[in-house]
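Input: a single structure, listed below in structure tokens.
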Amino acid sequence: MRQGFRVGVTRDFLKPDGTSGFGDIGLGLLDSAGVAWEYLAENTPELRAGQVRDFDGLLVLGPRVGAAALDDCGRLTIIARFGVGFDSVDVDACTRNGVLLTITPDAVRRPVAAAALTLLLALSHKLLIKDRLTRAGRWAEKLDYMGQGVTGRTLGLIGLGNIGRDVINLARALELRFLAFDPYISSEQASAAGAERVDLETLLRESDYVSVNCNLTDETYHLLDAERLALMKPTAYLINTARGPIVDQAALTAALRAGRLAGAGLDVFEQEPVDPDDPILTLDNVIVAPHGICWTDECFRGNGLSACQSILDVAAGRVPRYVVNRAALEHPRLQRRLRDLATRA
Ligand SMILES: NC(=O)c1ccc[n+]([C@@H]2O[C@H](COP(=O)([O-])OP(=O)(O)OC[C@H]3O[C@@H](n4cnc5c(N)ncnc54)[C@H](O)[C@@H]3O)[C@@H](O)[C@H]2O)c1
């Protein structure tokens, strides 16, 4: 047993009946290393100081972690966020209190990339339309819904980071040509990932599929507005597994309705949950998912394993790989804690 190192797991990982809502989330990794863990006693939307201060590490899914808990956080040394978003955690308060915050980009990479490709293939093959025909006894109408072969087509990636690069890795076998628009990478980096770096207008004009894989920032809000969507080929498909507000959804709906785009695959929406009366949901050439198309056993186990590995690194006095607030490493309290833990390990 790693003496005295205690991990709290937020209770929202559990269903109301007390069983795991996400299957195996890798907690066995803590068991194998002899690190004690337990679910927090209460499921609260925001963690209170009293819930966190007796733990060295926290594995956190949904609850917010704000300054009130962090400014009185006792022995807390690491918050391992399950997933890549961390807007629910007050990063400045973590840093000022010498608490490390980690995320799990390694675990979402493959599931989201596979999800983008799932949408691409399903759209090309008009999968949902053909599913509906088959169920409705409209077998002969398949002649009206010819699919689009992918070989030799062009896939344009907006954002060539963690996930965008893996989309290319997975899609290589389809013999696509890859274009990328990403202002923060060089042509050499794009080419090493297998893509040609181009400007956004060229990408939109030349692509048969456009996959959105950038972060949502002030700069990317409505990056795909009516004017930019109008640059796309009428035979092209748009896939968004990144964040809804990167695409102007009303403009997308209008373009799809008018036949100025062939279709769209959307895991994310401007407003989530999407309003069931949203007109985009009435369109046949749109495939949608509830911001969860990447939710698989692989995804949840991977997120859990990555988060638990970060906790184990800290329990051994090491700096974990996916730290959000590296500035916290300068904090004397954290430096002292890591030294103590390394000595004990
Ligand atoms: N659907 C889901 O369940 C799900 C799960 C995980 C991540 N995501 C989203 O997927 C997206 C990609 O995640 P990631 O892990 O690859 O992130 P990442 O940070 O590794 O990559 C994002 C890339 O976008 C680029 N970028 C930033 N600003 C840009 C701009 N103005 N134009 C073009 N590119 C720009 C960055 O340079 C970076 O290369 C994010 O929006 C993330 O929130 C969605």
Side-chain angles (χ1 to χ4, degrees), residues 22 61-62 81-89 102-120 155-171 178-204 207 210-225 228 231 238-248 264-274 287-304 306-307 321-324:
F22 300 91
L61 180 61
R81 256 281 305 152
F82 190 95
V84 288
F86 51 86
D87 44 325
S88 54
V89 181
T102 62
I103 53 174
T104 57
D106 50 336
V108 294
R109 178 186 305 138
R110 178 55 52 92
V112 181
L117 213 52
T118 300
L119 290 170
L120 185 157
L155 167 58
L157 297 134
I158 299 181
L160 193 59
N162 180 40
I163 292 167
R165 285 163 205 245
D166 207 40
V167 172
I168 295 185
N169 287 337
L170 290 178
F178 301 104
L179 299 179
F181 167 69
D182 189 326
Y184 301 100
I185 62 159
S186 64
S187 299
E188 291 70 29
Q189 286 170 311
S191 136
E196 183 189 338
R197 185 178 185 269
V198 292
D199 59 51
L200 184 54
E201 284 66 29
T202 305
L203 181 144
L204 294 170
S207 297
V210 171
S211 175
V212 182
N213 295 107
C214 59
N215 321 101
L216 173 61
T217 61
D218 289 346
E219 206 180 49
T220 62
Y221 177 81
H222 280 196
L223 183 67
L224 296 187
D225 56 9
R228 294 226 171 89
L231 298 175
L238 177 71
I239 295 147
N240 188 3
T241 55
R243 285 293 180 265
I246 299 169
V247 180
D248 179 339
L266 306 172
D267 187 40
V268 289
F269 300 86
E270 281 211 55
Q271 177 203 311
E272 295 184 5
V274 64
I287 300 181
V288 291
H291 200 151
I293 190 175
C294 79
W295 285 32
T296 58
D297 54 348
E298 176 190 5
C299 183
F300 284 107
R301 189 172 148 72
N303 272 298
S306 173
R321 183 148 179 214
Y322 301 112
V323 173
V324 172

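Just follow the structure's listing: the first ligand is 1, and inside any ligand the first atom is 1. Model, not experiment: these values are computed from the prediction. Below, all heavy atoms of this structure are taken into account, side chains as well, without hydrogens, waters or symmetry copies.
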Which of these, R109, R165, R243, has its nearest heavy atom closest to atom 43 (O) of ligand 1? R243
What orientation do W295 and F300 show, parallel under 30°, tilted 30 to 60°, or perpendicular over 60°? perpendicular
Counting only heavy atoms closer than 4.0 Å, does ligand 1 sit against the backbone of L160, its side chain, both, or neither? backbone
Checking side-chain contact (heavy atoms from CB on, under 4.5 Å) for the pair I158/L203: CA distance, chi angles, key distance, verdict? CA-CA 8 Å; I158 299 181; L203 181 144; 4.0 Å; yes
Separation between OG (S207) and CG (L238), nearest 0.5 Å, reads 10.5 Å
Close approach, T217 and ligand 1, non-hydrogen under 4.0 angstrom: no
Heavy-atom nearest neighbour in the protein, as seen from atom 12 (C) of ligand 1, with distance rounded to 0.1 Å: N213 O, 3.3 Å
How far is atom 21 (O) of ligand 1 from its nearest protein heavy atom, and which residue and atom is that? G161 CA, 3.3 Å
Kindly confirm or rule out an N or O of T220 lying under 3.5 angstrom from an N or O of ligand 1. no
pair R243-E270: side-chain heavy atoms closer than 4.5 Å: no
Which atom names give the shortest non-hydrogen contact between R165 and I185, and what distance separates them? NH2-CG2, 3.8 Å
Mark up the atoms of ligand 1 that fall under 4.0 Å of a heavy atom belonging to H291, in ascending order. 1 (N), 2 (C), 3 (O)
Is there a heavy atom in P183 that sits closer than 4.0 Å to ligand 1? yes
Just which atoms of ligand 1 are under 4.0 Å from any heavy atom in V112? 4 (C), 5 (C), 6 (C)
Walk me through it: do R110 and D166 pass the test salt bridge (charged side-chain N to carboxylate O under 4.0 Å, His left out)? CA-CA 7 Å; R110 178 55 52 92; D166 207 40; 2.6 Å; yes
Are the side chains of S88 and R81 in touch, meaning some heavy atoms are under 4.5 Å apart? yes
To atom 23 (C) of ligand 1, the nearest of L223, V212, D182 on a heavy-atom basis is D182
Distance from atom 13 (O) of ligand 1 to nearest protein heavy atom, with residue and atom: I163 CD1, 3.4 Å
Indicate the atoms forming the closest heavy-atom contact of D106 with S306, along with that distance. OD1-OG, 2.8 Å
Which of the numbered atoms in ligand 1 are under 4.0 angstrom from any heavy atom belonging to V84? 6 (C), 7 (C)
I need the atoms of ligand 1 closer than 4.0 Å to a non-hydrogen atom of D267, numbered in the order shown. 1 (N), 2 (C), 3 (O)
Using the side-chain contact (heavy atoms from CB on, under 4.5 Å) rule, take T104 and T102 through it: C-alpha gap first, then chi angles, then the decisive distance, then the call. CA-CA 7 Å; T104 57; T102 62; over 6 Å; no
Residues A242 and N240: closest non-hydrogen pair is N-OD1, 2.9 Å
Which residue owns the protein heavy atom closest to atom 27 (C) of ligand 1, what's the atom, and how far is it? N215 OD1, 3.5 Å
Atoms in ligand 1 with a heavy atom of C294 nearer than 4.0 Å: 3 (O)
Below 4.0 angstrom from a heavy atom of Y184, which ligand 1 atoms are there? Numbered from 1 as shown, please. 27 (C), 28 (N), 29 (C), 37 (O)
Find out whether C214 and V212 are in side-chain contact, i.e. whether some heavy atom of one side chain is under 4.5 Å from a heavy atom of the other. yes
Judging by distance only, is a nitrogen or oxygen of T241 under 3.5 angstrom from one on ligand 1? yes
Residue, atom name and distance, where the atom is the protein heavy atom closest to atom 20 (O) of ligand 1: N162 N, 2.9 Å
Who's the nearest protein heavy-atom neighbour of atom 35 (C) of ligand 1, and how far? C214 CB, 3.5 Å
Less than 4.0 angstrom from a charged side-chain N to a carboxylate O is my criterion; do E188 and R197 meet it? no
